[in-house]
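The structure under discussion appears below in the form of structure tokens.
Convention: sequence-line order gives letters A, B, ...; per-chain numbering from 1. All values derive from a computational prediction rather than experimental measurement. Hydrogens, waters and symmetry mates play no part in the numbers below; they use all other heavy atoms, side chains included.
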2 protein chains.
Amino acid sequence: MAANHNPHGPLSQLTGYHLRRASSVFAADFARAMEGTGLRQVLLGILAVVSANPGINQGSVGRLLGIKRANMVSLINELIDAGLVDREVDASDRRAFTLKVSRRGGAALKDALVRIELHEQQLLAGFTADESRILLDLLGRIERHEPAVD
Amino acid sequence: MAANHNPHGPLSQLTGYHLRRASSVFAADFARAMEGTGLRQVLLGILAVVSANPGINQGSVGRLLGIKRANMVSLINELIDAGLVDREVDASDRRAFTLKVSRRGGAALKDALVRIELHEQQLLAGFTADESRILLDLLGRIERHEPAVD
DNA sequence: TATTGTTATACTCTATAACTATA
DNA sequence: TATAGTTATAGAGTATAACAATA
């Protein structure tokens, strides 16, 4: 029997390689699912975190998502300019801003989550509920090795 | 009992989000593990594929790795300039180049794989052999949804 | 002194379009 | 006509350093 050639060589057994490829598949399909909304993965992430933590400041959002302070600035500005997030000076710490999802942002988030639900269902179509749960668990255990940002 | 606050909101249940974060953890640790070698994730991928397929041309490498032709050019040039890959005109198709890992490239790949082995062991330290296998399987099933590049 | 947000900047990855030379 | 490789270019994500205002 001929040994089946493995075109990816050592990559085929590397978790890091497959994480990279699978993540890229998700990213590409996410973009397709969001077409027309103007929302990208990072922006959706911020919107979701602000929505779950009304009044949070942008440094904290960055820490939760692994985004550096310096890079948060223009991202938040995009959301403000799009009218999805409201920003106010924090009365108790005048260096900081408090962020809230606007009415329009809430609707955009709701719509996005519907699209994402569909997009995830498609990419995980062959997965049992158990397999999906297991995947989330294993990924979560990897994420715990993340060094703090900033 | 107080409902435990979930700071990531809807993200916490999204496979795409956790893939992104876990992949980023791996990428950052990969960079740390490769410090001083000059090899990045993409370059290691190319080196591994060329090594597994001596004489392959760069278009085929790109197709295997999901890298566009246009972006392959400078990546291959980096590997050539670093002396890790040799390039020759393909005698049977003078449009194409054939690629081979050089002696030095072979040594670099071998060293890189040792570092990567350690890096993966660290990030998957809490994983049983079964769990690692399952993760690779689940990721592979997601990858199959990748649209062809180019 | 430390922290919040900001600006400026640079590198990498990825994407498209238009070109050449060969097939 | 199609394919292999190239060039030019642009968008997006991410990284560092230095600064002002406030704590």
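Here the C1' atom of nucleotide dT14(C) and the CZ atom of Arg32(A) are 19 Å apart, to the nearest Å. Remark: P of dA21(D) and CZ of Phe97(A) are 13 Å apart, rounded to the nearest angstrom. For the pair Leu99(B) CG and dA4(D) C1', the interatomic distance rounds to 12 Å; values are reported in whole Å. Taking atom CE on Met72(A) and atom P on dA8(C), their separation rounds to 19 Å, with Å as the unit. In this structure, Asp150(B) places its CG atom 13 Å from C1' of dT6(D), rounding to the nearest Å. Between the CD atom of Glu78(B) and the P atom of dT6(D) there is a distance of 14 Å, given to the nearest Å. Atom P of nucleotide dT14(D) and atom CZ of Arg40(B) are separated by 16 Å, given to the nearest angstrom. Rounding to whole angstrom units, CD1 of residue Ile67(A) and C1' of dT16(D) are separated by 17 Å.
Nucleic acid contact class of Asn57(B) (heavy atoms, under 4.0 Å, all strands): sugar-phosphate only.
Checking dG13(D), dT14(C), dA23(D) against the side-chain heavy atoms of Asp93(A) singles out dA23(D) as nearest. Side-chain proximity of Arg20(B) to dT12(C), dG13(D), dT14(C): nearest is dG13(D). Of the listed nucleotides (dT12(C), dG5(C), dT7(D)), dT7(D) has the atom at the smallest distance from the side chain of Val73(B).
Listed by first and then second residue, the salt bridge (charged side-chain N to carboxylate O under 4.0 Å, His left out) pairs that reach into residues 39-52 of chain A are Arg40(A)-Glu78(A), sequence neighbours excluded.
Proximity of Gln58(B) to the phosphate of dT6(D): a side-chain N or O atom is located under 4.0 Å from OP1 or OP2. Regarding contacts with the backbone of dG5(D), every side-chain N or O of Arg87(B) stays at 4.0 angstrom or more from both OP1 and OP2.
Each of Asn57(A), Thr98(A), Asn77(A) was scored for a side chain to side chain donor-acceptor pair (under 3.5 Å) with Arg87(A), with one residue passing: Asn77(A).
The base of dG5(D) is paired with the side chain of Arg69(B) by a donor and an acceptor separated by under 3.5 Å. Between the side chain of Arg94(B) and the base of dT22(C), no donor-acceptor pair under 3.5 Å is found. Put simply, the side chain of Asp90(B) and the base of dA4(D) share no donor and acceptor less than 3.5 Å apart.
Where Ser92(A) and Lys68(A) meet DNA chain D, the nucleotide closest to each residue was compared, and Lys68(A) sits on the side nearer the 5' end. Toward the 5' end of DNA chain D, the nearer of the two residues Arg95(A) and Ala70(A), judged by each one's closest nucleotide, is Ala70(A).
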| Hey, mind stepping through Glu146(B) and Ser24(A) against side-chain contact (heavy atoms from CB on, under 4.5 Å) and telling me if it holds? | CA-CA 8 Å; Glu146(B) 171 133 45; Ser24(A) 141; 4.2 Å; yes
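The hydrophobic clustering, which links ILVMFWY residues whose side-chain heavy atoms are closer than 4.5 Å, places Phe26(B) and Phe127(B) together.
Counting only N and O atoms by type, the side chains of Asn6(A) and Ser12(A) include a donor and acceptor under 3.5 Å apart.
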